[in-house]
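What you see is a predicted model, and the numbers here were worked out from it, not measured in a lab.
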Amino acid sequence: MAKILVIDDDENICCLLKTRLEALKHKVLVAYDAEAGLRKIFWRKIDLIILDVKMPNQDGLAVLKKIKSSYRSKYIPVIMLSGSGDAETKGTAFRGYAEEFLDKPCDFKKLEAAIQRALSVKSPA
């Protein structure tokens, strides 16, 4: 299956997502902050990123911008997660080329469907 990176400062959410996604046979890497997540993206082959919006030091929208502005990572699909998914934040995420935006707590079936859609799109790279 896919190699998925979860970037979220909430360890409980990371643990839950890791457990559920590994049950679906995905390989899951976890980063608890933006810097650690960006290092993993640039040092490993990642198929999909699940990215929290609200994080300390650097929010997910800034991380999304870095991901999509790098040749090495711009074609990696990104699913944004947020506990406060207001219209402005969602619009910024989609203008930043996020494939999906889900509100926390997210229904796992919706996340699973979003992952399938994001992975089914072939990148031009």
Side-chain angles (χ1 to χ4, degrees):
M1 294 303 271
K3 187 180 287 187
I4 299 174
L5 173 61
V6 176
I7 306 173
D8 196 314
D9 61 313
D10 186 326
E11 292 184 31
N12 292 325
I13 289 175
C14 288
C15 183
L16 175 66
L17 289 176
K18 183 174 173 56
T19 300
R20 297 290 301 266
L21 293 171
E22 285 178 342
L24 296 173
K25 306 298 184 212
H26 295 294
K27 178 160 176 60
V28 181
L29 303 170
V30 172
Y32 300 112
D33 62 55
E35 276 189 38
L38 289 168
R39 280 194 306 274
K40 288 183 180 189
I41 291 165
F42 295 118
W43 288 102
R44 298 177 182 220
K45 183 188 179 312
I46 303 293
D47 299 310
L48 178 112
I49 300 164
I50 299 174
L51 177 60
D52 184 25
V53 171
K54 301 280 188 203
M55 294 187 293
N57 300 325
Q58 203 172 159
D59 75 2
L61 296 173
V63 175
L64 176 65
K65 187 174 182 177
K66 288 181 180 181
I67 292 167
K68 295 301 183 173
S69 65
S70 169
Y71 179 76
R72 181 168 169 80
S73 59
K74 70 181 179 180
Y75 296 114
I76 300 172
V78 178
I79 297 172
M80 302 294 294
L81 294 180
S82 179
S84 59
D86 60 87
E88 183 179 340
T89 302
K90 287 181 180 181
T92 302
F94 287 122
R95 283 189 302 277
Y97 302 104
E99 275 67 27
E100 301 272 348
F101 192 108
L102 300 173
D103 294 314
K104 287 182 185 177
C106 70
D107 175 86
F108 192 74
K109 290 290 183 191
K110 287 183 182 179
L111 177 60
E112 187 178 349
I115 290 169
Q116 291 300 329
R117 282 190 302 272
L119 291 174
S120 69
V121 176
K122 298 294 183 197
S123 76

Which atom of Ala114 lies closest to which atom of Leu102, heavy atoms considered: CB-CD1, 4.2 Å
Shortest non-hydrogen contact between Cys14 and Asp8, atoms and distance: SG-O, 3.2 Å
Neighbour count >12 (heavy atoms, 6.0 Å) for atom OH, Tyr97: no
Distance (rounded to the nearest 0.5 Å) between Ser120 OG and Arg117 CZ: 8.5 Å
Val53 reachable from Ile13 in the ILVMFWY side-chain graph, under 4.5 Å edges: no
Working for side-chain contact (heavy atoms from CB on, under 4.5 Å), residues Leu21 and Ile50: CA-CA 11 Å; Leu21 293 171; Ile50 299 174; 3.9 Å; yes
Within 6.0 Å of NZ in Lys68, more than 12 heavy atoms from elsewhere: yes
Smallest separation among heavy atoms of Ile46 and Lys40, with atom names: CG1-O, 4.1 Å
Crowding at NZ, Lys66 (>12 non-hydrogen neighbours, <6.0 Å): no
Verify same cluster id: Val30, Met80 (apolar side-chain graph, 4.5 Å): no
Note, Phe108 side chain near Leu16 side chain (heavy atom, < 4.5 Å): no
Single-linkage hydrophobic cluster, 4.5 Å side-chain cutoff, Val63 and Tyr32 together: no
Heavy-atom closest pair, residues Leu119 and Ala2: CD1-CB, 3.6 Å
Separation between CZ of Phe101 and CG of Leu81, rounded to the nearest 0.5 Å: 8.0 Å
Side-chain donor/acceptor of Lys65 to backbone N/O of Gly96, under 3.5 Å: no
Shared hydrophobic cluster for Leu61 and Leu5 (ILVMFWY, side-chain gaps under 4.5 Å): yes
Separation of Gln116 CD from Leu111 CG (nearest 0.5 Å): 10.5 Å
NZ (Lys3) with more than 12 external heavy atoms under 6.0 Å: yes
Heavy atoms of other groups near Glu35 CD, more than 12 under 6.0 Å: no
Salt-bridge contact Asp52-Lys104 (side-chain N to carboxylate O under 4.0 Å): yes
Nearest-0.5 Å distance, CD1 of residue Ile49 to CG of residue Leu38: 8.5 Å
Contact check, side chains of Ile4 and Leu17, non-hydrogen atoms, under 4.5 Å: no
Side-chain heavy-atom pair Lys90, Asp103 within 4.5 angstrom cut-off: yes
Flag if over 12 foreign heavy atoms under 6.0 Å of CG, Asn57: no
Within one Ile-Leu-Val-Met-Phe-Trp-Tyr cluster: Leu51 and Phe94, side-chain cutoff 4.5 Å: yes
For the student: nearest non-hydrogen atoms of Ala36 and Ala31, plus distance: C-CB, 3.8 Å
Contact summary for Glu99 and Ile76, nearest pair of heavy atoms: OE1-O, 4.3 Å
Rounded distance [0.5 Å steps], CZ in Arg72 versus CD1 in Ile67: 12.5 Å
Between CD1 on residue Ile7 and CD1 on residue Ile41, distance to nearest 0.5 Å: 4.0 Å
Side-chain donor or acceptor of His26 paired with backbone N/O of Met1 under 3.5 Å: no
